[in-house]
Every structure is written in structure tokens, then in C-alpha cells.
Amino acid sequence: MRANLCDPEIEWFGRYSKNLATYSSSLGDGIGLDLTQDIKPPKNIYVEVRCLKDYGEFEVEEGDIVVLQKNTTHYLPMNTCQHLIRLGVLQQVD
């Protein structure tokens, strides 16, 4: 992609990326939020998730411990549970 950009565009893109990272890390009460991950903006930084398999104790960033057992539902910060959603441990409830 870089080969198709002129020098001012490369400079602009670098500043934009830095500003986006700074802004993203300031969201969610200091927890941060990856704005580049979802096409649609999140309505809330917390999501309801259903546990698809027994996982055991899971510590969220605030220090609370959540026990993830199969067929239980939880209301967790999106950035905390994204990894477990990708692993198939949790499923977001619509």
C-alpha cells in the first residue's frame, strides 16, 4: 500500500494512526477500545455473553473474578472478552 502513496499521504497516515491509537486507548474508562475491530460502532462497551464451555475463573481488568461455566451468561466489557469469543469459549448474545 505504501508504494501507492506520496510522501504527504504517508505522513498524514502516520499522524492519523497515532491519533487513532491515542483516542482508542482513552475510551472505556481508561480500559481502551479497539475502534478498528468492528465495522459497526459498539452501542455499549459492555456486552452480554453466553459461556459455551467450562472455562473456570476469569479475571477481568477491574480485578473482579468471574466463573465461566457452560450455559451461564455474563455482562462483561467487550475488550475483556473478545479473545474468549474468538476462541469459542464465549458467544455474544444479540
Side-chain angles (χ1 to χ4, degrees):
M1 177 175 95
R2 192 176 189 118
N4 295 324
L5 301 176
C6 65
D7 289 338
E9 290 173 323
I10 293 170
E11 184 180 325
W12 179 89
F13 186 74
R15 286 193 318 266
Y16 172 79
S17 296
K18 183 179 177 183
N19 288 336
L20 180 62
T22 301
Y23 178 70
S24 296
S25 64
S26 73
L27 297 175
D29 295 326
I31 297 171
L33 186 65
D34 185 0
L35 297 174
T36 63
Q37 184 160 355
D38 299 311
I39 294 173
K40 294 181 182 177
K43 294 178 183 174
N44 196 334
I45 60 169
Y46 286 85
V47 292
E48 185 176 4
V49 292
R50 177 177 293 113
C51 192
L52 301 176
K53 53 180 119 175
D54 288 333
Y55 187 80
E57 291 186 350
F58 178 68
E59 184 175 353
V60 295
E61 291 179 357
E62 295 83 18
D64 297 328
I65 302 291
V66 178
V67 178
L68 300 175
Q69 294 177 332
K70 186 175 182 175
N71 297 322
T72 58
T73 58
H74 306 274
Y75 199 60
L76 300 172
M78 174 57 105
N79 65 327
T80 300
C81 60
Q82 286 175 340
H83 180 68
L84 293 177
I85 291 172
R86 280 190 228 111
L87 290 176
V89 174
L90 299 175
Q91 177 184 35
Q92 185 171 347
V93 178
D94 293 323

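Count residues from 1 along the sequence.
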Of Asn71, Thr72, Val67, the one forming a side-chain contact (heavy atoms from CB on, under 4.5 Å) with Cys51 is Thr72
Exercise. Should Val60 and Leu87 be counted in the same cluster of Ile, Leu, Val, Met, Phe, Trp and Tyr side chains packed under 4.5 Å apart?
Worked result: yes
Taken in chain and number order and not counting sequence neighbours, the residues that satisfy ring-ring contact (aromatic ring centres under 6.0 Å, His included) with Tyr75 are Tyr46
With the 4.5 Å side-chain cut-off for hydrophobic clustering, are Ile85 and Val89 part of the same group? yes
Value for CZ (Arg50) from CD (Gln92), rounded to nearest 0.5 Å, stands at 11.5 Å
The reported gap from CG in Leu90 to CD in Gln82 (rounded to nearest 0.5 angstrom) is 11.5 Å
Of all heavy-atom pairs linking Val47 and Cys81, the shortest is CG2-SG, 3.8 Å
What one should report as the nearest heavy-atom pair of Asp54 and Lys70 is OD1-N, 2.8 Å
So Phe58 and Thr80, do their side chains get closer than 4.5 Å, heavy atoms only? yes
Check your understanding: Is the number of heavy atoms from other residues, nucleotides or ligands under 6.0 Å of Asp7 CG greater than 12?
Key -> no
Across all chains, not counting sequence neighbours, the side-chain hydrogen bond (donor to acceptor under 3.5 Å, both in side chains) partners of Thr73 are none
- Main-chain N/O of Ala21 paired to Ser24 side chain as donor or acceptor, under 3.5 Å: no
Correct closest heavy-atom pair for Val93 and Val49 would be CG2-C, 4.0 Å
**Q.** Tyr55 reachable from Leu76 in the ILVMFWY side-chain graph, under 4.5 Å edges
**A.** yes
